[in-house]
Structure formats: structure tokens, C-alpha cells
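Worksheet: one structure, shown below.
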There are 2 protein chains.
Amino acid sequence: MARKTKAEAEKTRQLLLDSAMRLFSEKGVVKTTLAQIAADAQMTRGAIYWHFEDKADLLHALFERSITPEAERLWRTMTEEGADPLECLLKASHAFWLEMNSESTLKQVMMLYNQAEQVPELADKLDELHCQEDSHMYQALKMASERGALHPDMSVETAFTLFHTLHAGMVQLVCGARKCTVELDKEKIFRELILGIERAVSAPGRLKSPR
Amino acid sequence: MARKTKAEAEKTRQLLLDSAMRLFSEKGVVKTTLAQIAADAQMTRGAIYWHFEDKADLLHALFERSITPEAERLWRTMTEEGADPLECLLKASHAFWLEMNSESTLKQVMMLYNQAEQVPELADKLDELHCQEDSHMYQALKMASERGALHPDMSVETAFTLFHTLHAGMVQLVCGARKCTVELDKEKIFRELILGIERAVSAPGRLKSPR
DNA sequence: GTTGATACAAACTTAAGTGTAGGTATAATC
DNA sequence: GATTATACCTACACTTAAGTTTGTATCAAC
């Protein structure tokens, strides 16, 4: 067996990416070898070296494939004219955590991001992506602050840090292999968490009773 | 040169641990080789293999060395009779974050814990340690809850998750190589964060004005 | 229908790191 | 003060995974 049609080649490329995604998020990037990925996709390493330059390039391709237009749209609507940026951010966080807790591809991608920090070749690219998200979040919070939606004791920087840290911690909590002693009802917790964070960041007058 | 006195041997053991700590936290556990550690300590790998079984055993020894009696005491005082567990927890968190932000050994140790998850041989040991801390924190928060110190919309589980996640996120934020776009005044932020978290978790009547 | 480019497979090379066996000088022990 | 256990060092064998080269069947284009 040898040369295939272009469509078929593209299909094996996607298969390789699928296998890489699965194995990377299952066993970790460093512990996964190219041979394992190839075997999982029923190919040989030759196929990988044909489609990608090396392991780092493979990872890079995974990121490229994972960048969704949805995220872009989300951030844009958050800073639109009529929107309430703080409420949007809280809602987005809630949705994010809920999906992170399922077996969605989002979770796999976040695990990848989490691990890829160990791979120096990708650190810059990752930093870039993080910085973009960070500045979006910062923008939203700044808008909220300018409208007096933030608590007087909470600067934009602190609110930013709070969200940033919570997100990172969530990813760690959900992705990490850590066995938590405490059995948790995630849905309930996420709901209560959002309410709590609202109390922490919102201006006193803007707090609503639980919906 | 050959055999040394017992005291000297113990000293080289400590030197090896020091070098391992430095290199592990500088370049990561996986990217650091035993040869590099030995060279940094002006020894050879032979010395490492004499004092430790392998890389995992070395890491394990690092953890053993890092377990401070201070932490134990801190958790004990938190759940003592007269103490206000919630306030103690908030204070401890504040202190923790401040020290994490310095170049203390605590930071190095936390970075190790963070990375060692990738090393499967240590995952169990780490889980154990984490679980201990978790249960301490959970205990403190439960006590606070029983005294009515928690906000009615905030269950013990949610408060626990909030602290847990914040801690993990902080470690990630401080330890990670991530370049943050936003320049931050850490001291101020930590102060405001604690106040914010207090608003999130504390029962409404117990909130104090800023001290 | 021949020819060149494609899409891999398979075998080989290279490099890095771990593990180990053997040597050796010296502290400890008696 | 002879012996033994200790605390390493040196060198080499083994393993593992990345990277490279070569081979080859087939698609595509003329």
C-alpha cells in the first residue's frame, strides 16, 4: 500500500491528530512517544514525519485545530455596547467550568495547554494565546469598573487576578490526576461559586437575589 | 579521594538535594538529568546512586525534607477551641501568597509539587499529602460553617473548592513561566483578594470594615 | 502509458540518559 | 594495625526515542 488520494491523506492527518490528542491528554505529552501515536492511528512514524516536522510541530497543529471561532465571538460580545461585561464574564465562567467538567474536547485541549508549558518550543506560542485571553478579560473587567459595577474595594487588577487564578485552578482541579478526598456535587458548587464571586467583585448595590 | 566521614557524607547528600531542588525548579523535573544534578553539586552520578535509588527516590527525598512542622502547627491552631477558623484560614492564605511571591524555598517546593504530577511514581505520595491538606482545610471550613460564619449561599464544599482552586491557581500563576500582560502590584492585590474572598464566603453580619 | 511527485513503510543511525559492575581510597571497628 | 564496610568515581552496557534514509506502490498529470 502506498500513495493515497489527497482526501485520504488529509484524513490520515486528522487521524494522527486525533490519536495525538487522545494519548497526550491521557498520559501526558512527555510520556507519549511518536511511535505510540502512530500505532494508535494504525500508521507508522513515517506518516507523522511526513505530515509534521516533529513532536512540537504536531502539538502546534493540535493547538491550531483547537482555536475555535466561538471563543473569539464570546469575547467580542462581552465588550459590546449594550452588554453587561461582568455578568457576561460570570456566565462565561460558569459555562466554561461546566463544560470542563464533562468529557468534552475543551477539557482535552485545556489539558494540553496545561502540559505544553513543559515544552519550551511552545511556550512562546502559548504565552501569546494566554496574553490575548488575558487582555480580553482585563478589558471586560475594566469596562465593568468604569460603569461602577465593581466593588469599591476591588480594583480591576485584583478582579482580573481573581478570575485568572480561579480559571487556572479549575483547569488544574479538573485536569489533574489529583484524587480529591471530598466528593463534590460539581453543578451545585459551580452555581454557588459564581454567586460567591459575584459578592466578591460586584458593587454592593448591584447584587441580585438568587435567580 | 574516597571515603569520607559520616558527617561529610550527609553533607554531600544535602548538597545533592540542594542542587536537585535548584535545577528541578529552574528547568523542570523531566528536563533535568541526574548528570546535571551531580555536576552542579560537583559530584558524579555515582554519588546520587549511592544516596538514592533513582530519580523518583531523589524527588521523594526532596519532599520528605520539605515537610515542615510549621505547616502542621498552623493547621492545628486553626481548628483549636478558641480560634476563628475562617479568619485563620484567610490570614494563612494571605501569608502563603505573599511568601509564594518571594524567592523563598516554599515557592520552589510548590513548583516541585506542581511538576511532580507528571512523574507517575510520585503521584500517589503527592495525592496523600494533598489529601491531608485538603482535609485540614475542609475541617476548618466545616467548623466555621457550624458556627454560622459562612455565608448562607455558600456550602462548606463550595468554600473548600474556592480556596482549593485559588491556591492551585496562585501556585500556577506564580510558578508558571507565563508572562502576564498586566503588570501587577502583588501586595495590594493579595490584600484586596482576601477582602473579596471574605465577602464571598463570610456570613453578612460578620464582615468587618478594612483593618 | 510513462513519468514524476506523493504518501507513506521499514530499516537504520544517532544521541541521550539510565542503570550497573568494578575499582579504590579511606573511615570505622575491633 | 588488619579488616571490613563505606562513600564515592569511572567506564561501559543497555534502553529508548528521535531523526534520517531509502524503498515503493500508487495517484496525478501530460
Side-chain angles (χ1 to χ4, degrees), chain A residues 1-62 65 115-116 118-123, chain B residues 1-24 26-62 65 115-116 118-122:
Chain A
M1 66 205 72
R3 187 178 182 195
K4 304 177 182 169
T5 164
K6 280 211 167 186
E8 282 173 320
E10 176 58 26
K11 190 173 181 183
T12 75
R13 194 187 119 98
Q14 294 300 323
L15 281 177
L16 289 173
L17 285 174
D18 290 343
S19 292
M21 175 73 97
R22 267 212 23 251
L23 294 180
F24 279 163
S25 58
E26 266 180 34
K27 331 190 308 163
V29 175
V30 276
K31 293 269 172 189
T32 302
T33 133
L34 294 184
Q36 291 168 338
I37 296 172
D40 187 86
Q42 319 227 52
M43 297 274 148
T44 65
R45 287 183 313 120
I48 295 182
Y49 277 103
W50 173 253
H51 288 286
F52 313 98
E53 282 188 20
D54 51 13
K55 200 174 182 178
D57 189 47
L58 213 180
L59 247 176
H60 187 263
L62 273 181
R65 196 172 69 153
Q115 288 182 31
Q118 311 283 356
V119 183
E121 299 93 312
L122 284 171
Chain B
M1 66 205 74
R3 190 181 180 194
K4 303 178 181 170
T5 165
K6 279 211 168 187
E8 284 174 319
E10 176 59 24
K11 190 172 179 185
T12 74
R13 195 187 118 98
Q14 294 299 325
L15 281 177
L16 288 173
L17 286 173
D18 291 342
S19 293
M21 175 74 97
R22 268 214 19 254
L23 294 179
F24 279 163
E26 268 179 32
K27 330 189 309 164
V29 175
V30 275
K31 294 268 173 187
T32 301
T33 138
L34 294 185
Q36 291 169 339
I37 295 172
D40 186 85
Q42 319 227 52
M43 297 273 150
T44 65
R45 286 183 312 121
I48 295 182
Y49 277 102
W50 173 254
H51 287 286
F52 313 98
E53 282 188 19
D54 51 13
K55 200 174 182 179
D57 188 47
L58 213 180
L59 248 175
H60 187 264
L62 272 181
R65 196 172 69 155
Q115 288 181 33
Q118 311 284 354
V119 183
E121 297 93 314
L122 284 171

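Just so we're on the same page: letters track the sequence lines, and every chain starts at 1.
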Is any side-chain heavy atom of [X] less than 4.5 Å from a side-chain heavy atom of [Y]?
| X | Y | result |
| --- | --- | --- |
| B:Leu34 | B:Lys55 | yes |
| B:Gln42 | B:Leu15 | no |
| A:Gln14 | A:Leu17 | yes |
| B:Thr12 | B:His51 | yes |

In whole angstrom, what separates [X]'s [atom1] from [N]'s [atom2]?
| X | N | atom1 | atom2 | result |
| --- | --- | --- | --- | --- |
| A:Lys6 | C:dT6 | NZ | C1' | 9 Å |
| A:Glu8 | D:dA28 | CD | C1' | 14 Å |
| B:Lys4 | C:dA28 | NZ | P | 13 Å |
| A:Leu59 | D:dA18 | CG | P | 12 Å |
| A:Arg13 | C:dT6 | CZ | P | 16 Å |

Distance test, side-chain N/O of B:Thr5 to OP1/OP2 of C:dA28, below 4.0 Å: yes
Would you say a side-chain N or O of A:Thr12 is under 4.0 Å from OP1 or OP2 of C:dA7? no
Residues of residues 34-53 of chain A with a heavy atom under 4.0 Å from any atom of DNA chain D, listed by number, are A:Leu34, A:Arg45, A:Tyr49
Closest to side chain of B:Thr33, choosing from C:dC8, C:dT18, C:dG19: C:dT18
Does B:Ser19 use its side chain to pair, donor to acceptor, with the backbone of B:Leu16 at less than 3.5 Å? no
Identify whether the distance between the nearest side-chain nitrogen and carboxylate oxygen of B:Asp18 and B:Lys11 falls below 4.0 Å. no
